[in-house]
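Okay, structure first, notes after.
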There are 2 protein chains.
Amino acid sequence: MTKLQSHGREPFETVDRAPEAQAEGFATVRQAHESEMAEDYVELIAELIETRGEARPVEIAERLGVKPPTVTKNISRLKAAGLVRREPYRAIFLTDAGRELAEACRRRHRIVVEFLLSLGIDEETAERDAEGIEHHVSTTTLEAFEQALKQFRNHE
Amino acid sequence: MTKLQSHGREPFETVDRAPEAQAEGFATVRQAHESEMAEDYVELIAELIETRGEARPVEIAERLGVKPPTVTKNISRLKAAGLVRREPYRAIFLTDAGRELAEACRRRHRIVVEFLLSLGIDEETAERDAEGIEHHVSTTTLEAFEQALKQFRNHE
DNA sequence: GACAAAAGTTAGACATGGCTAACTTATCTA
DNA sequence: TAGATAAGTTAGCCATGTCTAACTTTTGTC
Ligand SMILES: [Mn+2]
Ligand SMILES: [Mn+2]
Ligand SMILES: [Mn+2]
Ligand SMILES: [Mn+2]
């Protein structure tokens, strides 16, 4: 029976983890940030193609809130990564790999947003927070969100 | 009565937002990433001081999974930002501002972890995902998490 | 079809946050 | 207390993702 000195009802307890486990956690976050640019771009490109017929750098820049040269540079990185196909001065297309990644990202994005909405959060906040959160949600957590969402839909 | 062609039970609908709103969302994510290093460091420093008596670069490096020179560089940034006080080759202390930030971050971190745990997620996954998610949780969402947690604790 | 406007690219700069190699300082131990 | 070991720093490199300024290409209009 360790943990004797009980101190008046502390609702949370800081779990202390092994240093390596903690380090791995931070490494996971850094990795997530490395994939983030690609994920947001292909997701957006897929949506632009669907809703506007094509994906143009100007529009990508406008939606992401960055300047056109940033888009040019990043698109060429995506091309090098085999996610998009494109010739200079023309619209941007997704490769099969790009389309696959985009679909996975869109699905994940929607689940995160819907989950936040189910908590009573307003649409604007849900979208904003989801835009960052989505990249840090593991498969396990995504499934938990889906599960909670299902419960919510049955219940209310 | 718009939206005529109903297609077999689509559980999610992609909300299309104004370009500026979307851009603001991405800008928010970028800002969150700018504060992330400082937040993770002060949080960890506070915990090391509490549990080990002092915060040493080696230990910070080990826990973050980075090399010592990275810590040196980042600590000097934190010092420039007024979050940390320290002399070369000595342990690291938090300023009042640093302590305040650390407390807010620790609280937020705990809430996110507890919330994920309440969804049935295992501890290791909860901690890992929370490490990234915490930086993208607005006040609104944090409150919603707390609320859900309260419900959960009452219920089960 | 010429030319103006819009879209896109290139070049070059900058901040951030990682790294290694080599050096300095502090701590431990025989 | 000397010498070895551990801890910490410095210098310099790199990738990422942002920007501005200037140039090129495409598009739209008269
Ligand atoms: Mn995103
Ligand atoms: Mn997204
Ligand atoms: Mn974190
Ligand atoms: Mn993030």
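So that the names make sense, note that chain A is the first sequence line, chain B the second, and so on, each numbered from 1.
- The side chain of B:Arg56 places no N or O atom within less than 4.0 Å of a non-bridging phosphate oxygen (OP1 or OP2) of D:dA7.
- Taking atom OH of residue B:Tyr89 and atom C1' of nucleotide D:dT5, one finds them 15 Å apart after rounding to whole Å.
- Expressed to the nearest 0.5 Å, how far CZ of B:Phe152 lies from CG of B:Leu119 amounts to 8.5 Å.
- For DNA chain C, the contact window with chain A, defined by any atom under 4.0 Å from a protein heavy atom, covers C:dA7 to C:dG18 in 5' to 3' order.
- The CD1 atom of A:Ile75 sits 12 Å away from the P atom of D:dT18 (whole-angstrom rounding).
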Going by atom type alone, with no hydrogens or angles, which donor-acceptor pairs under 3.5 Å involve a side-chain atom of residues 57-68 of chain A and a protein atom two or more places apart or on another chain?
residue, atom, partner, partner atom, Å
A:Glu59, OE2, A:Arg52, NE, 3.3
A:Glu59, OE2, A:Arg52, NH1, 3.2
A:Arg63, NH1, B:Gln22, OE1, 3.2

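- Residue whose closest nucleotide on DNA chain D sits further toward the 5' end, between A:Met37 and B:Pro88: B:Pro88.
- Rounded to an integer number of Å, the gap from B:Lys79 NZ to D:dG8 P is 15 Å.
- The listed nucleotides are D:dC19, D:dT18, D:dG8; the one nearest the side chain of B:Thr72 is D:dG8.
- Atoms NZ (A:Lys67) and P (D:dT20) sit 5 Å apart, rounded to a whole Å.
- A 4.5 Å side-chain heavy-atom check between B:Arg108 and B:Ile111 finds every atom pair outside the cut-off.
- Remark: of the listed residues A:Leu78, A:Leu101, A:Val84, A:Val84 is the sole one forming a side-chain contact (heavy atoms from CB on, under 4.5 Å) with A:Leu94.
- With hydrogens and angles left out, the side-chain atoms of A:His109 and A:Glu127 include a donor and acceptor closer than 3.5 Å.
- Contact between B:Thr95 and B:Arg85 at its shortest, heavy atoms only, is CG2-N, 4.1 Å.
- As rounded to whole Å, 15 Å separates atom P of D:dT16 from atom CZ of A:Arg30.
- Look at CD on A:Glu87: it is 15 Å from P on D:dT25, rounded to the nearest Å.
- The distance from atom CZ of B:Arg86 to atom P of D:dA7 is 14 Å, rounded to the nearest whole Å.
- Base contact: B:Pro68 has a heavy atom under 4.0 Å from a base atom.
- Between A:Arg106 and A:Glu103 there is a salt bridge, since a side-chain N of the basic residue sits under 4.0 Å from a carboxylate O of the acidic one.
- Separating the CZ atom of B:Phe26 from the P atom of D:dT18 is a distance of 10 Å, rounded to the nearest angstrom.
- Comparing A:Ala38 and A:Pro69 against DNA chain D, the residue whose closest nucleotide sits nearer the 5' end is A:Ala38.
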